[in-house]
Amino acid sequence: MEIKEREIIDKHRERAKGSFSSLQKFVVDQKSCNYCGCCVSACPTDVLAMGDESPQLIGECNECGICYLACPRTFLPMTQIQEWLFKTDVIPPLGSYIRAALASSTSRKILDRAPDGGITTTVFTYLLQNKLVDAVITTGKQHDGAWCYHPRPMIVTDPADLLEAMDRKYDPNPLLSVLKEAARFKKVAFAGLPCHVLGLSKLRYAAHAYEEILPALYKTARKLTSNIDFVVGIGCMCRMGKGTWDVMLREQGVKSEKEVKRHYEERITGDYVFFLEGGGEARVGHRRIINNPHPMCFLCSDYDGYFSDTTVDRSEYQEYSTVLIRNKKGENIFNQCLEKGLVTTRDLPDEGRDFLESMTPVLQSLVDFDAYGYEQYLKVGSFLTESTIRDMMGHFENRRLRGIPENIFLELLKKYPQFEFAKKKRKELGYENPDIY
Ligand code: SF4
Ligand code: SF4
Ligand code: SF4
């Protein structure tokens, strides 16, 4: 173990002695908690539960410090995890991958519900139906009705229940809080946002590397993750604060989500269009949506599920998802679905790889734009870089640059350089930053 890594872990081992109060002080009070739920599953005495915005102590803490050590917002060995999984310490802008594709489910039933190509649902249905996994951890919805954006963690054993997981849901979701409950299954597939995948990956790395240096975390991590067999990362730009969609819909005259029959995201504008039960439609603009990021997202170090087996993201083509296959396991499962005719693909121009590599200096040069946007957010609660990026993209044909559409740009340009600036600003304001190394 390198000296720097050991020093960081030593520092956090000391802090963890403060028990749950350390997690409260260094993560929750610093507005860093990403509501992943990891601490809830990690607590050996089950005295943590997720409250509305963060974990709450509901019993007597035995001061083991495991919740603090397991939390991805205290320290996160990104480089070590990358090296362990991909044999390189460099994380490219989209993470390491061996194949990129535009893919779509061949099931009309799935496509009719899916915001994009329905790939995650199709693959998980295949895995469950063929008993290749016993259960799936994914994001369900809290309310019945055609559309619900209030998420809940869900363990699925019946493929029919996967349809519930299909809509995008924008409120924070403590997905990792069900890891302990899912430990009773032998083989589990997992789909979550990049911050969920980061929390899961920290635990999986702890189960691989921390036997000597953090033995209690090592044992807990083994119990929670040794059955995780396949991980899908869902691309994500930001979440919103709880209840923000209620406010945005009300602004458009929609009293409740129950009035929504169906919705879709327009590919170029990024606006959301809602078809209403009583006829007519409402529209929430992309600018309105991205101006409401949750503070937790300003310390996000991944937008694409770097440490998943496969990442599934939106694409600019209706009924297609962008799929990044990161390793042999991901490729094997994807190929099985292709051979059985469950998914279909179309060409992805130049696979995006050359383009992304050539974009690195451009991304770096955009720090100033993001710095401005983040500063505005801190001052007035509004994130303003979008217009700059849209202006820039307006110079290119079809708002695409070498095959990469504007919406992928938006995610890259805003997230990738923003992190360092967010850390700096938070430091100036006296907020603790997680150790990411
Ligand atoms: S018992 Fe351990 S894991 Fe649970 S809240 Fe206390 S310090 Fe955290
Ligand atoms: S980031 Fe996750 S593990 Fe850390 S305090 Fe929040 S919910 Fe718990
Ligand atoms: S932007 Fe990052 S922290 Fe925020 S919800 Fe998405 S993956 Fe999680």
Exercise. Give the C-alpha distance, both sets of side-chain angles, the deciding distance and a yes or no for side-chain contact (heavy atoms from CB on, under 4.5 Å) between Lys25 and Glu432.
Key: CA-CA 9 Å; Lys25 178 176 171 191; Glu432 183 75 11; over 6 Å; no
Exercise. Begin from the C-alpha positions of Asp134 and Thr157 and carry the test side-chain contact (heavy atoms from CB on, under 4.5 Å) through to its verdict.
Key: CA-CA 6 Å; Asp134 309 303; Thr157 53; over 6 Å; no
Quiz prompt | From CA spacing to verdict: side-chain contact (heavy atoms from CB on, under 4.5 Å), Leu127, Val136 | solution = CA-CA 9 Å; Leu127 293 176; Val136 161; 5.8 Å; no
Exercise. Test salt bridge (charged side-chain N to carboxylate O under 4.0 Å, His left out) on Glu7 and Lys4 and set out the steps.
Key: CA-CA 5 Å; Glu7 279 172 1; Lys4 186 183 170 208; over 6 Å; no
Quiz item: Given Ile228 and Leu200, is the side-chain contact (heavy atoms from CB on, under 4.5 Å) satisfied, shown in steps?
Solution: CA-CA 9 Å; Ile228 302 294; Leu200 181 68; 4.1 Å; yes
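The shortest heavy-atom contact between Ala216 and Ile66 is CB-CD1, 3.9 Å. Nearest approach of Met296 to Arg73, heavy atoms of both residues: O-NH1, 3.0 Å. Residues Gly37 and Met50 come closest through the heavy atom pair CA-SD, 4.0 Å. For the pair Cys38 and Gly199, the tightest heavy-atom approach, listed with the atom from each and the gap, is SG-O, 4.4 Å. Phe20 approaches Pro55 most closely through the heavy-atom pair CZ-O, 3.6 Å. In terms of heavy-atom proximity, Cys39 sits nearest to Leu48 at O-CD1, 3.6 Å.
A side-chain donor from one of Gln24 and Asp29 sits under 3.5 Å from a side-chain acceptor of the other. Side-chain contact of Gln336 with Tyr126: a donor-acceptor pair under 3.5 Å is present, judged by distance alone. Defined by atom type and a distance below 3.5 Å, a donor-acceptor pair is missing between the side-chain atoms of Thr74 and Arg15.
Under a 3.5 Å cut-off, the side chain of Tyr205 and the backbone N or O of Met78 do not form any donor-acceptor pair. Proximity of a side-chain donor or acceptor of Arg222 to a complementary backbone N or O of Ala207 within less than 3.5 Å is not detected. One N or O on the side chain of Gln82 and one on the backbone of Val90 form a donor-acceptor pair closer than 3.5 Å.
In this structure the side chain of Asp158 never reaches within 4.5 angstrom of the side chain of Leu128, judged on heavy atoms. Val312 is listed as a side-chain neighbour of Ser321, based on a closest heavy-atom distance under 4.5 Å. By the 4.5 Å heavy-atom criterion applied to side chains, Phe86 and Arg326 are counted as neighbours. Between Thr121 and Ser105 the shortest side-chain heavy-atom distance does not fall below 4.5 Å. Looking at heavy atoms from C-beta onward, Thr138 lies in side-chain contact with Val156 at the 4.5 angstrom threshold. Taking the side chain as every heavy atom from C-beta outward, Asp171 and Arg239 never approach each other to under 4.5 Å. Proximity of Phe230 to Leu132: side-chain heavy atoms (C-beta onward) are nowhere separated by under 4.5 Å. Within the 4.5 Å cutoff, no side-chain heavy atoms of Tyr218 are placed close to those of Glu212.
In this structure, Lys17 is not positioned above the aromatic face of Tyr68 in the sense of NZ or CZ being under 6.0 Å from the six-membered ring centre and within 45° of the axis. Judged by a 6.0 Å distance limit and a 45° cone about the ring axis, Arg99 is not positioned over the six-membered ring of Phe334.
Of the charged side-chain nitrogens involved, none lies within less than 4.0 Å of a carboxylate oxygen, so that Glu257 and Lys141 do not count as a salt-bridged pair. A salt bridge does not link Lys11 to Glu14: none of the charged side-chain nitrogens sits closer than 4.0 Å to a carboxylate oxygen.
Note that the OG atom of Ser308 and the CG atom of Leu324 stand 8.0 Å from one another [nearest 0.5 Å]. Taking OG of Ser256 as the start and CG of Asp246 as the end, the distance is 8.0 Å to the nearest 0.5 Å. Note that CD1 of Ile119 and OG1 of Thr311 are 13.5 Å apart. Values are rounded to the nearest 0.5 Å. Atom CH2 of Trp245 is separated from atom OH of Tyr272 by 6.0 Å, given to the nearest 0.5 angstrom.
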What pairs of donor and acceptor atoms, side-chain ones from residues 181-198 against any protein atom, are under 3.5 angstrom apart with sequence neighbours left out?
from, atom 1, to, atom 2, distance (Å)
Arg184, NH1, Glu181, O, 3.1
His196, ND1, Leu193, N, 3.1
His196, NE2, Asn173, O, 2.7

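Counting non-hydrogen atoms of neighbouring residues, nucleotides and ligands closer than 6.0 angstrom, the NZ atom of Lys180 exceeds 12 such neighbours.
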